[in-house]
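Notes for the one structure printed next.
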Amino acid sequence: MGEKQNILITGAASGIGRASALRMAKSHHVIVADRDGDGAGTVTSEIVAAGGTATAIAVDVSDGASVRAMKAQIESNIGPVLSAFFAAGIFIRGVTGEIPEADWDRMMDIHVKGTFLCCQAVIPDMIAANKGAIVNMSSDFAVMAVPGAAAYMAAKSAIYSLTKSIALEFAPQNIRANALGPGPIDTPILKSGRTEAEYAKAREAFAENLPIGRLGQPEEVAAVLDFLLSDRSAYMTGQIIHPNGGQLMW
Ligand code: NDP
């Protein structure tokens, strides 16, 4: 990915998506997509202020019509998308016996269906160009178990499996698909469901338990994303890569 490209990033108004948008916009046009349209606009303004180019789009990735409208808008106003990072996500805590059906559905709709719909939207451009790179946002929790995160773990495992399917199906068309599996990263999602005091305690616990001794920063995940979208990772597809401070080793 040497030449300037259009890079679509979902969940780009906040956290890891935002850090990735700011980083990739140093050399590419970034489509900053998020259900928080105002937040996407703010990130776009930051990119433009730094000398880059970007387009903000409001999208709900769990809604097929919304994803298709986003793709149509990109097609008419910007052009083909040959690089994409699908990072939109939420976290709802809950043990299996107590998760309300609506929470389960929301987790699956945003993470699994949302990632599927976004991949489906960009793959035709990649087939036409005989080139493409997709990075889907999974988690360490796709492959390790923690209490109170059953729906999240199931969703992130499904995203990892979907990524492997896409990698296998579209390798002949020179389309690569990889997943990111971060450990704990200091963003709003990690705070969700915790009071300030609980979050302070959780940070201390992470520092104590993680081999690297601290939470990760969103920019540290963006650096790995940059590698996975670039030709430096040209021989990698169907992998899950873990910027995780050593939380999980295998
Ligand atoms: P943030 O909450 O900072 O960013 C997530 C963004 O996605 C928010 O702007 C959120 O909007 C947006 N979003 C949520 N639902 C939708 C939707 N239906 N359509 C479009 N946008 C949506 O969290 P992170 O940056 O930390 O999370 C990014 C991804 O990384 C997530 O998939 C998360 O599961 C994953 N991850 C995070 C880890 C961490 O420790 N932070 C570790 C491993 C994985 P809103 O604010 O309105 O919800």
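Computed from a predicted model, the values in this text were never measured in an experiment. For ligands, and for the atoms within them, numbers begin at 1 and follow the listed sequence.
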To check your reading of the model: name the closest protein heavy atom to atom 19 (N) of ligand 1, its residue, and the distance in Å. Val61 N, 3.0 Å
Run Glu169 and Ile175 through side chain to side chain contact (heavy atoms under 4.5 Å, CB included) and show every step you take. CA-CA 9 Å; Glu169 287 173 359; Ile175 299 169; over 6 Å; no
Counting heavy atoms only, which of Asp109, Val59, Thr10 comes nearest to atom 20 (C) of ligand 1? Val59
Hey, are the side chains of Met249 and Pro211 touching, using non-hydrogen atoms and a 4.5 Å cut-off? yes
Hphob cluster co-occupancy, Val67 + Ile57, side-chain heavy atoms under 4.5 angstrom: yes
Would one find an N or O of Ile16, backbone or side chain, under 3.5 Å from an N or O of ligand 1? yes
Identify the closest protein heavy atom to atom 18 (N) of ligand 1: which residue and atom is it, and at what distance? Asp60 OD1, 2.9 Å
Is Arg203 paired with Asp186 through a side-chain N to carboxylate O contact shorter than 4.0 Å? yes
The protein heavy atom nearest to atom 33 (C) of ligand 1 is Tyr152 OH, 3.5 Å
For ligand 1, which atoms have a heavy atom of Gly15 less than 4.0 angstrom away? 3 (O), 25 (O)
For ligand 1, note which part of Ala88 has a heavy atom under 4.0 Å away: side chain, backbone, both or neither. both
Hydrophobic clustering (ILVMFWY, side-chain heavy atoms < 4.5 Å, transitive) - are Ile185 and Met137 grouped together? yes
May I ask you to check if ligand 1 and Ser14 share an N or O to N or O distance below 3.5 Å? yes
Are any of the N/O atoms in Pro182 less than 3.5 Å from those in ligand 1? no
Do Phe227 and Met236 make a side-chain contact, defined as non-hydrogen atoms from C-beta onward lying under 4.5 Å apart? yes
Assess Gly114 for proximity to ligand 1: is some non-hydrogen atom of it under 4.0 Å away? no
Is the shortest side-chain heavy-atom distance between Asp34 and Val43 below 4.5 Å? no
re atom 48 (O) of ligand 1, the protein heavy-atom contact at minimum distance is Arg35 NH2, 2.7 Å
N or O pair under 3.5 Å between Lys156 and ligand 1: yes
With atom 27 (O) of ligand 1 as the reference point, say which of Leu190, Ile189, Ile185 has the nearest heavy atom. Ile189
Could an N or O of ligand 1 be found under 3.5 Å from any N or O of Thr187, whether backbone or side chain? yes
State if Ile110 counts as touching ligand 1 under the rule of any non-hydrogen atom under 4.0 Å. yes
Is atom 46 (O) of ligand 1 touching the protein, meaning some protein heavy atom lies under 4.0 Å away? no
Need the ligand 1 atom indices (1-based, order shown) with element for anything under 4.0 Å from a heavy-atom of His111. 32 (O), 34 (O)
What atoms in ligand 1 come closer than 4.0 Å to a heavy atom of Pro184? 40 (O)
Ignoring hydrogens, just give me the one of Gly11, Gly216, Gly183 whose non-hydrogen atom is nearest atom 42 (C) of ligand 1. Gly183
Can a salt bridge be assigned to the pair Arg35 and Asp63 using a cut-off of 4.0 Å between side-chain N and carboxylate O? no
Is it the side chain (CB and beyond), the backbone, both or neither of Met137 that lies under 4.0 Å from ligand 1, heavy atoms counted? side chain
Beyond-backbone contact of Leu229 with His28, side-chain heavy atoms, under 4.5 angstrom: no
Contact between Arg93 and Ser192 at the side-chain level, heavy atoms closer than 4.5 Å - yes or no? no
Filter on salt bridge (Lys or Arg N to Asp or Glu O under 4.0 Å), then keep only pairs touching residues 43-58, sequence neighbours left out; what's left? Arg18-Glu46
Quick one: side chain to side chain donor-acceptor pair (under 3.5 Å) pairs with a partner in residues 99-123, sequence neighbours left out? His111-Lys156
To atom 44 (C) of ligand 1, the nearest of Ser138, Gly89, Gly39 on a heavy-atom basis is Ser138
Given Ala87, Ser62, Ala13, which has its nearest heavy atom closest to atom 28 (C) of ligand 1? Ala87
Quick one: do Ile16 and Phe86 end up in the same hydrophobic cluster if we chain Ile, Leu, Val, Met, Phe, Trp and Tyr together by side-chain heavy atoms under 4.5 Å apart? no
Under a 4.0 Å heavy-atom limit, does Phe141 contact ligand 1 with its side chain, its backbone, both, or neither? neither
For Ile90, the ligand 1 atoms whose distance to one of its heavy atoms is below 4.0 Å: 14 (C), 15 (N)
So do the side chains of Ile74 and Thr55 get within less than 4.5 Å of each other, counting heavy atoms only? no
Identify, for atom 9 (O) of ligand 1, the protein heavy atom at the shortest distance, and state residue, atom and that distance. Asp34 OD2, 2.7 Å
Are any non-hydrogen side-chain atoms of Leu180 and Val135 less than 4.5 angstrom apart? yes
